[in-house]
Amino acid sequence: MYSLNIVYKQLKDKIYEKLNENKKSSYIAFFDDSELVQLDEKEAIIVTPYFFYKTMLSDVISEINDSFSDLLNQNVSCVIETTDDYRKKYIIDAITKDLSDNLLPEFSFDNFIEGPSNKEAKMAALTCAMRPGEKVFNPLVIYGDSGLGKTHLLHAIGNYIKQNDYDKKILYITSLDFVKEVGTSLRDNTIEEYKNQLNSVDVLLVDDIQFLSGKQKTNEIFFTIYNELFNNRKQVFLTSDRPPIQIKDIEDRLKTRFSQGLSVTISSLEFETAVKILELKLKNHNLDTNGIDCDVISFIAKNFSSDVRNLEGALNRLLFYSINFSKGQKIDLPLALEAFKDKLEYVSYGNKDLSSKVIIKAVADYYSLTEKQLVSRSRTKNITTARHVAMYLCRIHLDHSYEKIGNDFGGRDHTTVISAFDKIEKLLKENEIYRKIISDIEKMFT
Ligand code: ADP
Ligand code: MG
């Protein structure tokens with residue numbers, strides 16, 4: 001039996017020997033923040049928190065593989081995964097075999113920064129974690145836009161209960177895991193077993209319930225599991241990107257159930273909270289505010305605070321840039337401006353006149369449409385896609401509310417905008433071509 005931590009430590013030393021001094025210094029952070037989670041005769045898996053780190057580590061995959069062979073005297077092929085993908089791809093199998101709780105220990109209440117935008121949600125989460133199963137808070141639903149800390153809070157709740165009550169059986173799943181698992185169990189005729197497994201927990205945490213939308217059979221099964229848990233005074237925690245009542249295509253009785261307990265929302269970050277989060281993340285990187293000018297922190301907080309994921313991405317880029325180009329000098333505003341000069345997947349800061357009109361024009365030009373066509377009622381596929389892309393970009397770059405975007409696009413309802421946003425977000429995750437399209441369009445207006 002290997003101890004993975006020890007192997008990983010030795011592996012890092014080997015890899016550093018193979019990298020030149022310059023590369024090595026920038027890679028230390030990527031490797032230190034990552035973890036070797038699986039190793040057998042043939043395959044190793046290193047899990048890394050950000051997609052950007054995954055790209056960087058994949059660049060040195062041959063050095064990694066060589067170091068494994070040096071160390072273990074056998075050929076091991078290493079796979080780099082982000083934490084999210086790893087959970088999706090590998091942990092799901094484990095659930096059915098042994099009901100592991102899937103909780104990620106790195107998310108706690110202690111490292112969740114509180115501000116006006118999330119105070120209520122954090123309070124509700126903590127209160128409920130202290131007294132799981134009480135009827136008034138069952139279920140507790142936390143809803144809000146993506147990247148604002150819903151998943152973080154859900155794990156924090158689970159970890160808190162786990163620490164304080166060893167006997168409680170806890171399970172975290174995403175609703176996509178659930179959908180997938182129900183599908184497999186129906187096919188394999190093991191649905192009753194799966195239901196029993198879920199019904200045996202004391203605390204069920206289900207992330208992103210909006211994905212239950214449109215799946216009738218799965219809804220029914222969720223409904224029976226939910227009722228059973230609720231009647232047995234078991235606690236259910238849910239998150240969603242919108243209020244439960246606004247989730248499309250799920251049964252009304254399920255919406256009623258979801259709305260039965262307490263729903264709390266997290267809103268967009270305010271500047272002060274963004275600054276505090278940045279300071280915490282700097283601390284996690286073993287940096288303090290002496291290494292970075294405070295106007296740089298303000299710059300990032302102002303420009304990248306539409307969600308915390310953005311904020312973290314921007315900070316990582318800046319740190320990477322500073323390690324490579326300023327060789328550890330204090331990070332100042334000119335360096336920050338340089339670092340974000342052409343990183344257009346991040347929010348634009350250069351074009352102060354950016355407006356929905358500018359975005360609509362850029363997208364229309366890109367798709368060879370007129371601006372009028374773009375906001376029209378036409379449902380021609382090409383026009384609809386362009387419209388969805390433009391709505392998505394308005395949300396990302398201007399941080400406009402769904403309502404405002406609906407108005408700017410010919411008086412559409414905010415739910416139409418939400419569904420357009422979801423569609424594009426999904427396409428971006430799944431499809432390289434869309435990522436390219438979006439980044440090409442962004443270049444036109446940033
Ligand atoms: P959501 O589930 O709402 O899309 P996440 O919980 O995945 O968002 O949050 C995205 C990232 O931002 C995570 O790394 C999370 O730890 C971090 N984060 C979000 N809110 C906070 C906060 N208030 N304090 C510290 N970190 C936060
Ligand atoms: Mg989430």
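For clarity, every value in this text was computed on a predicted model and none was experimentally measured. All ligand and atom numbering here is 1-based and tracks the order in the structure.
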Taking 4.0 angstrom as the limit, do Lys283 and Glu279 come out as a salt bridge?
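Between Glu279 and Lys283 there is no salt bridge, as every charged N stays at least 4.0 Å from the carboxylate O atoms.
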Salt bridge or not for Lys150 and Asp207, using N-O below 4.0 Å?
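Here Lys150 does not pair with Asp207 in a salt bridge, since their nearest N and O are not under 4.0 Å apart.
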Please tell me whether Glu442 and His397 have a donor and an acceptor in their side chains that are separated by less than 3.5 angstrom.
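Note: Glu442 and His397 side chains meet the donor-acceptor criterion.
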Donor-acceptor pair between Asn138 and Gln235 side chains, under 3.5 angstrom:
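Short answer, yes.
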Non-hydrogen atoms closer than 4.0 Å to ligand 1: which protein residues do they belong to? List them by chain and number, please.
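Lining ligand 1 at under 4.0 Å, by heavy atoms, one finds Phe107, Asn111, Phe112, Ile113, Asn118, Asp145, Ser146, Gly147, Leu148, Gly149, Lys150, Thr151, His152, Ile277, Lys281, Val308, Arg309, Glu312.
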Tell me whether the rings of Phe31 and Tyr27 are parallel (<30°), tilted (30 to 60°) or perpendicular (>60°).
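Ring orientation of Phe31 relative to Tyr27: tilted.
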Using 30° and 60° as the class boundaries, would you call the ring planes of Phe340 and Phe304 parallel, tilted or perpendicular?
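The arrangement is tilted - the two ring planes meet at 30° to 60°.
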Strictly under 2.8 Å, is any N, O or S atom of Thr151 next to the Mg ion (ligand 2)?
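It does; at least one qualifying atom falls short of 2.8 Å.
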